[in-house]
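Order of listing sets the numbers, starting from 1, for every ligand and every atom in it. Atoms considered below: every heavy atom in the structure, side chains included; atoms not considered: hydrogens, waters and symmetry mates. Fair warning: this is a prediction, and the values are worked out from it, not measured in the lab.
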Amino acid sequence: MKERIQELVDILNKANVEYYLNDDPFLSDNEYDSLLNELNKLEHDYPQYILPDSPTQKVATKVISEFQKVTHDTPMFSLSNVFNEEEVRDFDKKIRKEFPNCEYVCELKMDGLAVSLNYEKGVFKRAATRGDGVVGEDITHNVLTIKSLPLKLKEPVDLEVRGEIYMSKKSFNECNKKREEEGLPLFQNPRNAAAGSIRQLDSKIAKERDLDIYLYHLPNTPLKTHYETMEYLKKLGLPTNPNLTLAKSADDIITYIEHWTQNRPQLPYEIDGIVIKVNSLAMQRELGQTAKYPKWATAYKFPAEEVITKLTDIVFTVGRTGQITPNAVLEPIKVAGSTVKRATLHNMDYIRSKDLKIGDYVYLHKAGDVIPEVVGPVLNRRQGTEKELVMIKKCPICNTDLVKSASEIDYFCPNQACPARNVESLIHFVSRNAMNIDGLGDRIMEDFYNMHIIRNFPDIYLLKNRKQELIELEGFGSKSVENLLISIENSKQNSLERLLFALGIPGIGEKNARTIAKKYENIDNLKNANVEELQLIPDIGGTLAQNICNFFDNPANRILIRELKELGVNMTYLGEKIIEHETFSNKKFVLTGTLSFIKRDELKKIIEKYNGIVTGSVSAKTDVVIVGEDAGSKYDKAVELNIEIWDEVTIHKILEDLKEI
Ligand code: IVH
């Protein structure tokens, strides 16, 4: 019996590959169904023989109670964007400066959602969303419903492989047709439909929605090029997009872009651009990445779709710093895949420079395909009845007289107790890149504020004392309250930089929060720092240094910090510590060429660990240029400016003495 089960599994899996991947079915639908029936029956009678890669296991739906968090073996990066030919050529120039003979692979940019898959000994084990790039969510139960994805690879290898889950145009239309018949709200685009299906606890929904997948990235491989990697993935039986090409020059890339701009409508799925990747994996490693993006790849995004709609009103909102922002109220219109009703107009200067009037018809697009932007008025549709916008004098929320910023462009509500400012500060505090608390969305926060449940940051950490009250609120259940409280408790263990960013000190962003946290290690050290000393930190100017001191000089803020500390919020830096070292501390370094014993990214990390600063280009301010093989113009510039140069032997010796290698 065991043998027959194995045999059936093998035949059916092979049939799936031929059908879904190679478009070459060797079984008729009837034959397939009858073999599948036989397998189902045998597995029912002999459940002890069910194989992990059985096709029955794959299509069987499953309900899970919550998404488990998954830490990716290698972080999942997103891509930088370019929007026109010139930016494509700039990208190529930058790379070619380092690697004159560079070749690229151009691929279609699938408009879906990123996924990371794990195979162990060739057997599919797990699928996870990108999440914040480091930790994603386990969506294995839904990915198992994707028919084109093999449960078993052709070789028994361990893999972490990335790709995109998408929904074909056909499945999307069918899905929406069904929803319309059932009176359900329609999905805006295939990406939303795919994402909505993947983020379901019950995999029956994903199965009905008919998702698909293409794999396009293998983070760790001994292969030499991306192109070979794609061939390898295909050889393993994984679905890959066949429309990729090698490009030797920027011209080749442009030709590929033009071709797919033309032919995009004929594709059976949506794409939102073209991905350009350096082909050599050695070059990729040398180029490394920024905090968010690999430097060896970029995405050319198709031009934003432009539509016309009516600007019916302009309303003002108050941000967490008190800044007043005018917003366009628009007649709802679909653009680049979603319905837009509002768009920021930034400030009065912006409105004036665009000559916008209330009642105008306006051109609207999405900047970077994401943020709705009013491009300008359709002048020949003006009727003379349109109204000039008059700036308000008082805060629309608390009625306090507004004040102008030093630049005379922005208006502020100066009232520290303005409810709108408070709510926005609370929303910022819990946001993903700040304290990262799940379950307190904008609406909920506003409600909690109005209900006096959360009025300040410490209140968030006191929510656990009001558990029963929360459970009884409309829209909350014990499970969601439970999850919220867990997320709040977890946030207490955040490293200091998150808290620094969350506090909303003017001028403190995510990046400089990390620099400051690394440098001062805990909040007490920072509290005692003075302006002069803060200004010595790279990227911290005089205004920011002053803002930091002002914040800690304010008694209310000192009390706030004490309260948060007493509530158990961590106030120390938990990342890698900085070590002062005279060879590196506060010196500016530029790295160029290839070093045989260390990757450039790793060297950068070591230099930063010893409080050195690594920059991209050589200038009079550079202290040392570290030069490897095939160094280009940066070396020449260092010689010209008489800057200290360390060759491979020098840096090797220094790192050896530090026991870093
Ligand atoms: S490569 C480290 N290739 O686009 C490289 N991404 O806007 C990771 N995407 O996060 C990405 N098609 O979700 C790559 N052929 C393709 C892609 C692709 C779609 C998505 C992916 C990425 C996003 C960036």
Side-chain angles (χ1 to χ4, degrees), residues 72-83 87-88 91 95 104-117 127-134 136-137 139 143 159-168 189-192 194-195 198-199 211-221 223 225-227 229-231 233-234 238-247 253 256-257 260 264 267-281 283-302 304 336-337 366-371 601:
H72 302 298
D73 295 349
T74 325
M76 281 181 86
F77 287 100
S78 181
L79 292 172
S80 62
N81 291 318
V82 290
F83 293 98
E87 289 175 4
V88 171
F91 170 78
I95 303 232
Y104 303 96
V105 174
C106 295
E107 293 171 5
L108 302 184
K109 184 166 172 344
M110 303 302 299
D111 196 10
L113 61 142
V115 65
S116 185
L117 308 179
T129 60
R130 176 165 61 211
D132 63 6
V134 178
E137 282 179 333
I139 48 163
V143 172
L159 281 191
E160 185 174 56
V161 59
R162 269 87 197 247
E164 198 88 349
I165 296 178
Y166 66 93
M167 191 186 267
S168 69
N189 53 45
R191 176 168 31 87
N192 286 351
I198 282 296
R199 287 206 42 83
L211 300 171
D212 223 319
I213 190 166
Y214 273 138
L215 283 314
Y216 49 60
H217 181 57
L218 185 62
N220 299 305
T221 164
L223 294 169
T225 64
H226 177 63
Y227 198 88
T229 310
M230 296 303 289
E231 297 275 287
L233 295 181
K234 202 161 82 183
L238 288 164
T240 55
N241 191 312
N243 300 309
L244 82 175
T245 196
L246 270 173
I253 301 174
Y256 184 82
I257 291 177
W260 285 109
R264 181 182 173 194
L267 286 167
Y269 42 77
E270 297 278 1
I271 57 172
D272 58 339
I274 297 301
V275 182
I276 307 151
K277 300 175 180 173
V278 167
N279 191 24
S280 151
L281 301 185
M283 289 182 197
Q284 287 190 4
R285 281 191 287 272
E286 281 303 322
L287 288 158
Q289 57 266 320
T290 67
K292 284 193 192 147
Y293 311 121
K295 291 189 197 162
W296 45 264
T298 195
Y300 165 82
K301 297 289 277 288
F302 289 129
K366 280 201 193 154
D369 250 6
V370 186
I371 301 159
D601 245 26

### Task
Kindly compute the distance separating CZ (R199) from OG1 (T129), expressed to the nearest 0.5 Å.
7.0 Å

## Note on the structure
Honestly, for R162 the part within reach of ligand 1 (heavy atoms, under 4.0 Å) is neither

### Task
Drop me the distance from I198's CD1 to E137's CD, to the nearest 0.5 angstrom.
11.5 Å

### Query
Distance from I257 atom CD1 to K301 atom NZ, nearest 0.5 Å?
13.0 Å

### Message
For ligand 1 and M110, I'd like to know whether there is a polar contact (N/O to N/O, distance under 3.5 Å).
### Response
yes

## Note on the structure
Checking heavy atoms under 4.0 Å, the part of W296 that sits near ligand 1 is side chain

### Query
Quick one: OG1 on T74 to CG on L218, what's the gap to the nearest 0.5 Å?
9.0 Å

### Query
Is it true that K277 and E107 make a salt bridge, defined as a side-chain N closer than 4.0 Å to a carboxylate O?
yes

### Task
Hey, can you tell me if Y214 and Y269 have their rings parallel, tilted or perpendicular (30° and 60° cut-offs)?
perpendicular

### Query
Any N or O of Y216 that comes nearer than 3.5 Å to an N or O of ligand 1?
yes

### Task
Take every heavy atom of S78, measure it against each atom of ligand 1, and state whether any distance is under 4.0 Å.
yes

#### Entry: Exam field: side chain E164 to backbone G112, donor-acceptor pair closer than 3.5 Å
yes

### Message
Under 4.0 Å, heavy-atom basis, I'd like to know which part of L79 is in contact with ligand 1: side chain, backbone, both or neither.
### Response
both

### Query
So which protein heavy atom does atom 4 (O) of ligand 1 come closest to, and at what separation?
K109 NZ, 3.0 Å

### Message
Does ligand 1 come near enough to H217 that some N or O of the ligand is less than 3.5 Å from an N or O of the residue?
### Response
no

### Task
Give the residue, atom name and distance (to 0.1 Å) of the protein heavy atom nearest atom 13 (O) of ligand 1.
E164 OE1, 2.6 Å

## Note on the structure
shortest atom 8 (C) of ligand 1-to-protein heavy-atom contact is with F77 O, 3.9 Å

### Query
So which protein heavy atom does atom 15 (N) of ligand 1 come closest to, and at what separation?
E107 OE1, 2.8 Å

### Message
Under 3.5 Å between any N/O of K277 and any N/O of ligand 1: does that happen in this structure?
### Response
yes

### Query
Is there side-chain contact between L246 and Y104, with at least one heavy-atom pair below 4.5 Å?
no

#### Entry: Main-chain N/O of R130 paired to H72 side chain as donor or acceptor, under 3.5 Å
yes

## Note on the structure
Nearest non-hydrogen protein atom to atom 22 (C) of ligand 1, with distance, is R130 NH1, 4.0 Å

### Under 3.5 Å: N/O of L113 near N/O of ligand 1
no

### Task
Give a yes/no on ligand 1: does L108 have at least one heavy atom closer than 4.0 angstrom to it?
yes

### Query
ligand 1 versus N81, non-hydrogen atoms closer than 4.0 Å: side chain, backbone, both, neither?
neither

#### Entry: CG on L267 to CH2 on W260, rounded to 0.5 Å
4.5 Å

